[in-house]
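Notes to accompany the following structure.
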Amino acid sequence: MKSIGDKGLTGLISAGELEKMTGETVTIHGMVQRIRRLGWGAFIILRRHDGLLQCVMGNEGNEETLDKLEVEQSVEVVGTVKKAKIKDTSIHPNTVELHVDSIQFISLPAELPPVDMTKKVLDLHIDTNLDLRPLSLRHPMERARLKVAETFASAFRSSLTGMGFTEIRTPKICSVGAEGGANIFKIKYFDREAFLAQSPQFYKQMGVGVFERVFEVGPVFRAEPHQTSRHINEYTSLDFEMGFITGFEEVMSVEIAVLRDCMEALKRECSVELEMLNADLPVISETIPSVTLEEAHRITLEASGKDNTGEPDLDPKEEKILCAWSLEKWDSEFLFVTHFPTEKRPFYTMDDPENPGTTLGFDLLFRGLEVTTGGQRIHDYDVQVEKMKAFGLDPESFKSYLQAHKYGLPPHGGLAIGLERITARILGVDNIRLTTMFPRDVKRLTP
RNA sequence: GGUCCGGUAGUUCAAUCGGCUAGAGCACCGGCCUGUCACGCCGGAAGUUGCGAGUUCGAGUCUCGUCCGGACCGCCA
């Protein structure tokens, strides 16, 4: 029998701490990102939990070690922290470096990387990149994109928690889909049929009855056979739902506040990554302009001559035109579009009593792409049952969901942000697969 | 599912009208270099041009088939 305690754990030394440890001898571990050999010795760039660290080793007495040293080895280094001026801003810290006394090899790779991991930019075909994902993600720029995505998700959590929301976890194996339609993955569930969740919508609404304000960060699954740079079949949905709203604009207001918190978190925590990726954070001003779909079509027509009047939705070109207009006219990289027609929105969306045929729903466009869908939901039981019938759905099959309405719900609404999409737009990355750790699309199921 | 584009060394790309031994950068290997930072210099190895057939004196290049991939559209976040 052993007794395990928490004493004696050596914490990781952070980049920030290293910067203040000039003159001290430290033992750190990491993986070799790249080696630059010069006549007198070598610069060894180590990949650590929070960034790259430059180590310096002279030849004298170290010939054998330097001879054995290769990229991607796991090593433990003992050395002295000294001041340095490192031009490469992707190295963090770049004000100090480690003068190595000894290197211990902890683990050796079986093979060298099949691609050039040592360069500033990982110049790979997207397919090669994704096939080699366990390796390619180790490149500083690839890693930086994920770091930004995770920081965004983390900020979404803390922002909403700060506003009184409770984080919930809802099932991803479901008996019915939230949106209906054929775009849902069917799976075998023991001797029954089940589906992968295409949205946590129903459970969020049930959560409103419990906690009033809830949110979830989780995967959703879409079986649509789309083949574009902005679609994947499993993505991370940043969802929230809130009760006692007086209108759907309140949901939009909360989104503005959340986005501002997220951008501030990125500025604070990802400055190294953002600089490495040459990304410009958007400014979230006090207000974000909002237009109805009808107005949006009119603006598009005036701005570009493209006539989408009467179309029930925006198309990708129109989204770009509208964003350009919003930036030009309102100095905003964001634009809300509201009042999509009833038939284009899911059955749980509340109709606008003042504009029959349209809904109290909205999309948020950002840098030419739709990154959010949200709106006010139906809270009245009878109204919801009637709308289901109008949509040709059988309320009986939604019985368990309708318990939420049956036993009373306050007026409520919410939204969902596509994490990979908004990250891609923040970073100016064309393909959302690059802001996804292991993307799933029609053709890709591995790694 | 539709339209368009592509597949050449480990990798990213060249190769003119169908014509000489299919080239270059990086990675890799050998040598040199006392502060690099996408280090530099010298040398080396590395190819079934996705696969199969056809046309031709001759095919990476043209034709057909096939496999794989990318961009865009529909739909959506």
Side-chain angles (χ1 to χ4, degrees), chain A residues 33-45 52 54-60 67 70-72 82-91 94 97 99 111-132 135-136 139-141 179 181-184 198-201 219-239 276 311-317 319-320 340 344-346 363-366 369-374 415-425 430-433 435-436 441-444:
Chain A
Q33 185 78 45
R34 50 180 177 258
I35 308 160
R36 257 193 290 277
R37 296 172 202 274
L38 284 86
W40 51 268
F43 291 101
I44 303 154
I45 313 298
L52 300 176
Q54 173 165 287
C55 305
V56 191
M57 193 178 212
N59 282 335
E60 208 179 313
D67 195 49
E70 286 181 359
V71 291
E72 294 308 326
K82 292 196 177 168
K83 282 207 179 338
K85 277 184 190 161
I86 299 168
K87 294 175 205 158
D88 183 349
T89 50
S90 71
I91 292 177
N94 67 352
E97 63 189 7
H99 285 243
E111 276 184 31
L112 286 169
V115 293
D116 184 1
M117 296 288 293
T118 70
K119 292 300 163 201
K120 201 173 214 168
V121 177
L122 187 60
D123 186 18
L124 292 182
H125 256 154
I126 191 162
D127 202 41
T128 311
N129 185 326
L130 298 180
D131 279 343
L132 294 171
L135 176 68
S136 63
H139 187 275
M141 281 178 71
E179 321 283 338
N183 61 347
I184 182 160
Q198 57 189 172
S199 158
Q201 183 59 34
V220 294
F221 306 89
R222 302 284 166 97
E224 282 150 12
H226 33 221
Q227 287 247 77
T228 78
S229 55
R230 62 183 187 282
H231 289 99
I232 41 180
N233 295 289
E234 175 179 357
Y235 68 90
T236 305
S237 188
L238 306 173
D239 268 273
M276 199 190 304
E311 291 293 327
D313 207 345
L314 303 171
D315 67 41
K317 270 190 197 126
E319 289 175 354
K320 289 193 176 70
F340 290 85
K344 287 300 287 184
R345 291 283 162 155
D363 280 0
L364 180 65
L365 308 183
F366 171 46
L369 190 63
E370 176 186 340
V371 294
T372 294
T373 287
L415 57 74
I417 302 173
L419 175 63
E420 296 82 356
R421 269 198 187 181
I422 198 162
T423 307
R425 293 333 294 144
D430 287 334
N431 196 315
I432 63 163
R433 286 159 185 78
T435 50
T436 311
D441 61 36
V442 178
K443 306 233 171 116
R444 182 169 294 278

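Letters A, B, ... are given to chains in the order of the sequence lines, protein chains preceding strands, and every chain is numbered from 1.
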>> On RNA chain B, does the nearest nucleotide to A/E224 precede the nearest nucleotide to A/D67 from the 5' side, or the other way round? Give the residue.
In response: A/D67
> Which of the following nucleotides, B/A71, B/C73, B/C76, is nearest to the side chain of A/K344?
Replying inline: B/C76
>> Measure CG/A/D315 against C1'/B/G74 and give the value in whole Å, please.
In response: 10 Å
>> Within the 3.5 Å criterion, strictly below it, is a donor on A/R421 or A/Y235 matched to an acceptor on the partner's side chain?
In response: no
> What is the distance, rounded to the nearest whole Å, between atom NE2 of A/H99 and atom C1' of B/G35?
Replying inline: 9 Å
> Can you tell which of B/G69, B/U36, B/C76 lies closest to the side chain of A/Q54?
Replying inline: B/U36
>> Checking understanding here: a glycosidic angle within 90° of 0 is syn, the rest anti, so what is B/C72?
In response: anti
>> What is the distance, to the nearest angstrom, from the CZ atom on A/R425 to the P atom on B/C76?
In response: 20 Å
>> Mind checking if A/L52 touches a base, just sugar-phosphate, or nothing, with heavy atoms under 4.0 Å?
In response: nothing
> To the nearest Å, how far apart are A/L124 CG and B/G69 C1'?
Replying inline: 15 Å
>> What's the closest nucleotide to the side chain of A/H226 if the choices are B/C75, B/G69, B/U12?
In response: B/C75
>> Assuming nearest nucleotide by heavy-atom distance, tell me which of A/A416 and A/D430 is located more 5' along RNA chain B.
In response: A/D430
> Given atom CG of A/N129 and atom P of B/G10, what is their separation to the nearest angstrom?
Replying inline: 19 Å
> Under 5.5 Å between ring centres and under 30° between planes: true for A/W40 and the base of B/U34?
Replying inline: no
>> Once rounded to the nearest 0.5 Å, what's the spacing between atom OG1 of A/T128 and atom CG of A/L132?
In response: 6.5 Å
> Ring stacking, A/Y235 with base of B/A77, under 5.5 Å and under 30°?
Replying inline: yes
> Where the side chain of A/T118 is concerned, which of B/A27, B/G74, B/A77 is the nearest nucleotide?
Replying inline: B/A27
>> I need the CZ-P distance between A/R37 and B/C29, as an integer number of Å.
In response: 8 Å
>> Applying the Watson-Crick and G-U wobble criteria at under 3.5 Å, what pairs with B/C33? Answer none if nothing qualifies.
In response: none
> With both distances under 3.5 Å as the test, what is the Watson-Crick or G-U wobble partner of B/A14?
Replying inline: none
> A/I126 CD1 to B/G70 P: how many Å, rounded?
Replying inline: 7 Å
> Do any N or O atoms from the side chain of A/N59 and from the backbone of A/G39 form a donor-acceptor pair under 3.5 angstrom?
Replying inline: yes
> Rounded to whole angstrom units, what separation is found between the CG atom of A/L38 and the C1' atom of B/C41?
Replying inline: 12 Å
> Judged by modelled atom types alone, do A/S229 and A/D430 share a side-chain donor-acceptor pair under 3.5 Å?
Replying inline: no
>> As an exercise, state the distance from CE of A/M141 to CG of A/L122, rounded to the nearest 0.5 Å.
In response: 8.5 Å
